[in-house]
Amino acid sequence: RTKRQAISAEPTALDPAQLTHVTLTNYSKSQESQELIQRALLENDFMKHLEHGQILTIMECMHPTSVSQGCCVIQEGDDGSTVYVLEEGMVEVTKEGKKLCTINAGKVFGELAILYNSSRTATVTALTDIKLWAIDRQVFQTIMMRTGLIKHSQYMEFLRSVPSLQAQPVDVLSKLADVLEETHYSDGDYIIRQGATGDTFFVISEGQVKVSQQNPVSEELVFLNTLTKGEWFGEQALKGEDVRMASVTAVGDVTCLVIDRDTFKQLIGGLEQADNKQYDSDELRAKVEAEEVYFSSVS
Ligand code: CMP
């Protein structure tokens, strides 16, 4: 259900065992070609939602090729093996002999069969001599998958750095890593507002946050703590306390990994269980206990 998987090909086409050996090779290209390819990818309805890093890597891995006027580039019904960006010239798209459209320089074609793991949906013929940038299916899918895998392993690392989660089995952490959402904040943004209801738990993956609490009598805002990368907050919401007991604001740019209560409970089975686990070391136990004391002091 994660957003980052939404555009990728069918799971069968992304079998990691088949794609780990693929080497990504960069092909040098002029500044104009680099820009043309990136623009083409960003203008394509099916590819514009890819992450910036994926767009860049796809651009870098595209290799040049050319086709003469009148030749068929893609044959409807074939297994697709390449995605193209047209650099120069013009092509015609036909389906069952009927013309669908012509495509000019600066456009992507041949993406559908690769993205959706289907056969070619139409025939593409060169109306002039054409120059193309091409990327093979396996390279394309490797880029799609590696970005996902790198993110997944980063998320796992962060989740492991949360003391209360450290004793969780790897498969549970992996599922959490699959479902969490990444959120971004700028300096001064409220991530959590005291008094608001909330059902989300945050792990800081980049940057720093400030925890502060308003004194109910004097209404004075009291600074409580600064939290940084790998630290976490909002865990009271996981226990079912849905009114936030303190405010948390971003100090500079901040990225958080966010998990909601229902998902967390489904995967971990409630915090009680997580609290009662065996800790690997006294140091870890002390850290968890210190966090519990701290969080009970803010609630
Ligand atoms: P694919 O199915 O891989 O191969 C044929 C390509 O033709 C297809 O991807 C699209 O890039 C393109 N194509 C198919 N149908 C249309 C259409 N109606 N308009 C423009 N391009 C199309």
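Treat the numbers as computed from the prediction; the structure is a model and nothing was measured. Remember, it's 1-based here, ligands and their atoms both numbered in the order they're listed.
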K.L.:
Less than 4.0 angstrom from a charged side-chain N to a carboxylate O is my criterion; do K229 and E206 meet it?
P.N.:
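Salt bridge flag = yes for E206 with K229.
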K.L.:
With hydrogens left out, which residues have an atom under 4.0 Å from ligand 1, given that only heavy atoms count?
P.N.:
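If the criterion is a heavy atom under 4.0 Å, then ligand 1 touches I74, V93, L100, C101, F109, G110, E111, L112, A113, R120, T121, A122, V124.
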K.L.:
What pairs of residues pass the side chain to side chain donor-acceptor pair (under 3.5 Å) test when at least one of them lies in residues 79-93, not counting sequence neighbours?
P.N.:
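Passing the test, one end in residues 79-93: S33-E87, E87-W133.
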K.L.:
Do NZ/NE/NH1/NH2 and the carboxylate oxygens of K29 and E60 come within less than 4.0 Å?
P.N.:
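No.
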K.L.:
Is there any side chain to side chain donor-acceptor pair (under 3.5 Å) pair reaching into residues 67-76, and which pairs are they, with sequence neighbours excluded?
P.N.:
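Those involving residues 67-76 do not exist here.
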K.L.:
H63: what forms a ring-ring contact (aromatic ring centres under 6.0 Å, His included) with it, not counting sequence neighbours?
P.N.:
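Scan of H63 (ring-ring contact (aromatic ring centres under 6.0 Å, His included), adjacent residues dropped) gives Y27.
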K.L.:
Judged by atom type as modelled, is there a donor-acceptor pair below 3.5 Å linking the side chain of T142 to the main-chain atoms of Q138?
P.N.:
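Yes: the side chain of T142 pairs with the backbone of Q138.
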